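The block underneath contains the structure these notes are about, expressed in structure tokens.
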Amino acid sequence: MSPPRPDLAPDADLSREEMESLQREIAAAAVFEDDFEFDPATLGDPLASASSPEDPPVVAGIDQSFLSDADGDQDRALSAVVAMRGGEVIERVHAIRPLEIPYIPGLLSFREGRPILAALEDLSVEPDLLLFDGSGRIHFRQAGIATHIGVVRDVPSIGIAKSLLCGDPCEDTANLPTGTRVAVESNSRVDAPDGTLIGYAVQTRQYDSPDRSINPLYVSPGHRVGPETAADVALALASSYKLPEPVRLADSYADEAKREIGDAP
DNA sequence: GCGACAG
DNA sequence: ATCTTGTCGC
């Protein structure tokens with residue numbers, strides 16, 4: 001049993017070195033193996049949830065959009081959370097917070113973490129699993145945004161990235177068939193022994209004809225979820241689109257809320 | 001110095 | 001991430 005760690009929350013006022021040091025603490029507190037109560041088999045399938053005695057687990061997708069000031073410069077981040085249960089949306093919340101630092105590869109959670117934590121606090125349901133757009137363990141210090149927020153809240157989490165931050169796919173990932181995965185291992189750029197399994201390239205959708213092809217998603221453990229389960233979940237929740245439904249809906253909701261509020265303060 | 005680099 | 005119409009294909 002691991003407690004929530006609000007003391008490890010992302011702080012944009014830290015120096016770059018302090019941020020990296022905090023990330024090593026996050027990685028040390030993270031659990032990169034299955035450690036949850038719910039049955040992953042009842043995640044998104046409406047049929048499985050109907051035959052289950054318990055309520056299906058609540059899965060929350062999280063994504064951000066950005067608002068600009070009068071000069072056209074991005075000055076605020078809008079974090080959107082879409083909670084689903086048994087394939088149905090049960091709640092949507094969003095929060096807006098000022099952007100304190102620019103985007104720096106490897107330090108994403110310090111830029112987007114505050115608005116995400118604020119939005120999660122507005123959520124009335126207790127999520128059993130968090131799905132982030134970004135990396136988890138596939139990170140230089142094994143502490144991507146999914147890992148950071150997962151550890152701070154002590155909620156099982158998974159990172160779903162559209163491109164690879166670091167690490168090496170074991171095999172060629174071009175033109176993978178739907179439903180397949182290729183292991184991603186750590187290399188010299190990752191703070192882990194070379195060859196450590198840190199995630200999977202997962203092909204949730206693929207064209208039939210060899211004309212064009214869809215790139216895989218890079219799925220990695222955030223907290224309390226192992227690499228195999230993380231890949232299983234991504235595949236189970238991606239019904240008819242490349243992105244798992246909770247993340248896809250959070251993505252569109254982030255844009256929707258942004259337009260409704262309008263830009264410029 | 002060079003290369004790599006989630007959103 | 002964001003700026004953005006049409007367009008190719010199933």
Side-chain angles (χ1 to χ4, degrees), chain A residues 10 12 16 19-20 23 26-27 61-69 71-81 94 96-116 119 130-150 157-169 173 178 184 186-191 198-202 205-222 230 234 240-244 247-248 250-259 261-264:
Chain A
R16 179 164 184 151
M19 290 180 179
E20 298 185 350
Q23 291 184 322
I26 291 290
I62 304 171
D63 191 23
Q64 287 68 241
S65 62
F66 300 87
L67 306 183
S68 304
D69 60 23
D71 300 313
D73 300 319
Q74 296 183 337
D75 65 335
R76 291 156 294 160
L78 184 160
S79 181
V81 178
H94 65 80
I96 298 175
R97 290 293 182 279
L99 279 174
E100 303 171 284
I101 60 173
Y103 165 69
I104 301 170
L107 299 178
L108 187 65
S109 65
F110 291 90
R111 175 175 165 85
E112 307 183 349
R114 286 305 189 187
I116 290 173
L130 267 25
L131 261 47
F132 292 84
D133 66 312
S135 287
R137 194 181 188 182
I138 294 181
H139 179 275
F140 310 122
R141 291 164 292 282
Q142 305 187 90
I145 194 160
T147 302
H148 200 149
I149 305 301
S157 64
I158 296 172
I160 308 287
K162 293 180 289 295
S163 58
L164 190 59
L165 176 61
C166 57
D168 291 325
T173 59
T178 300
V184 174
S186 60
N187 53 27
S188 62
R189 299 169 63 197
V190 181
D191 206 331
I198 55 176
Y200 280 103
V202 179
R205 301 289 294 173
Q206 188 53 283
Y207 291 126
D208 297 312
S209 60
D211 298 354
R212 287 176 300 167
S213 72
I214 300 176
N215 295 120
L217 289 174
Y218 296 92
V219 181
S220 58
S240 46
Y241 294 88
K242 171 176 176 173
L243 284 175
V247 179
R248 191 181 72 84
D251 185 282
S252 56
Y253 177 45
D255 282 326
E256 179 189 326
K258 173 186 180 178
R259 294 194 307 262
I261 296 170
D263 237 285

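Remember, predicted model here, so these are calculated numbers, not experimental data. So you know, we letter chains A, B, ... as the sequences are listed, proteins then strands, and number each from 1.
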Next item on the list: Output all residues satisfying side chain to side chain contact (heavy atoms under 4.5 Å, CB included) with A:F140, sequence neighbours left out; order by chain, then residue number.
Entry: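 If we apply the side chain to side chain contact (heavy atoms under 4.5 Å, CB included) test to A:F140, skipping adjacent residues, the hits are A:L165, A:C166, A:R189.
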
Check: A:D255 near the nucleic acid: base, sugar-phosphate alone, or nothing, with a heavy-atom cut-off under 4.0 Å?
Finding: sugar-phosphate

Next item on the list: Would you sketch DNA chain B in dot-bracket for me? Only Watson-Crick or G-U wobble pairs with both distances under 3.5 Å count, crossing pairs as [ ], other-strand pairs as |, the rest as dots.
Entry: .......

Expected rows: protein N/O vs nucleotides 4-7 of chain B N/O, under 3.5 Å:
| residue | atom | partner | partner atom | Å |
| --- | --- | --- | --- | --- |
| B:dA6 | OP2 | A:Y103 | OH | 2.6 |
| B:dA6 | N7 | A:G106 | N | 3.1 |
| B:dA6 | N6 | A:G106 | O | 3.2 |
| B:dA6 | N6 | A:L107 | N | 3.3 |
| B:dA6 | N6 | A:L108 | N | 3.0 |
| B:dA6 | N1 | A:I145 | N | 3.2 |
| B:dA6 | N3 | A:S135 | N | 3.0 |
| B:dG7 | OP1 | A:K162 | N | 2.7 |
| B:dG7 | OP2 | A:S163 | OG | 3.1 |
| B:dG7 | O3' | A:D133 | OD2 | 2.6 |

Checklist line | Residue list, side-chain hydrogen bond (donor to acceptor under 3.5 Å, both in side chains) with A:N215, at least two apart or on another chain | finding: none

Item checked: Listed partners of A:R248 passing side-chain hydrogen bond (donor to acceptor under 3.5 Å, both in side chains), at least two apart -> A:E245

Checklist line | Pairwise distance OG(A:S68) to NZ(A:K258) - rounded to 0.5 angstrom | finding: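 Reported to 0.5 Å precision, the distance equals 6.0 Å.
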
Note to self: Rounded to the nearest 0.5 Å, what separates atom CZ in A:F110 from atom CD1 in A:I104?
What the structure shows: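 Reported to 0.5 Å precision, the distance equals 10.0 Å.
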
Next item on the list: Would you kindly give the CG-to-P distance between A:L78 and C:dT2, to the nearest whole Å?
Entry: 10 Å

Notebook entry, point to check: Rounded to the Å, how far apart are A:I101 CD1 and C:dA1 P?
Noted result: 18 Å

Distances under 3.5 Å between nitrogen or oxygen atoms of protein and nucleotides 7-10 of chain C:
none

Checklist line | Where A:A77 and A:L99 come nearest, the two heavy atoms and their spacing | finding: CB-CD2, 3.7 Å

Check: Does the side chain of A:P244 reach to within under 4.5 Å of the side chain of A:I160, using non-hydrogen atoms?
Finding: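 Side chain of A:P244 against side chain of A:I160, heavy atoms only: contact under 4.5 Å found.
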
Next item on the list: Test A:R141 against every option in A:T147, A:V190, A:L107 by the side chain to side chain contact (heavy atoms under 4.5 Å, CB included) rule and name the one that passes.
Entry: A:L107

Check: Taking A:I116 as the fixed residue, which of A:P10, A:S79, A:S109 is the one that meets the side chain to side chain contact (heavy atoms under 4.5 Å, CB included) rule?
Finding: A:S79

Next item on the list: Cation-pi check, A:R137 to A:Y218: give yes when NZ or CZ is under 6.0 Å from the six-membered ring centre and within 45° of the ring axis, no otherwise.
Entry: no

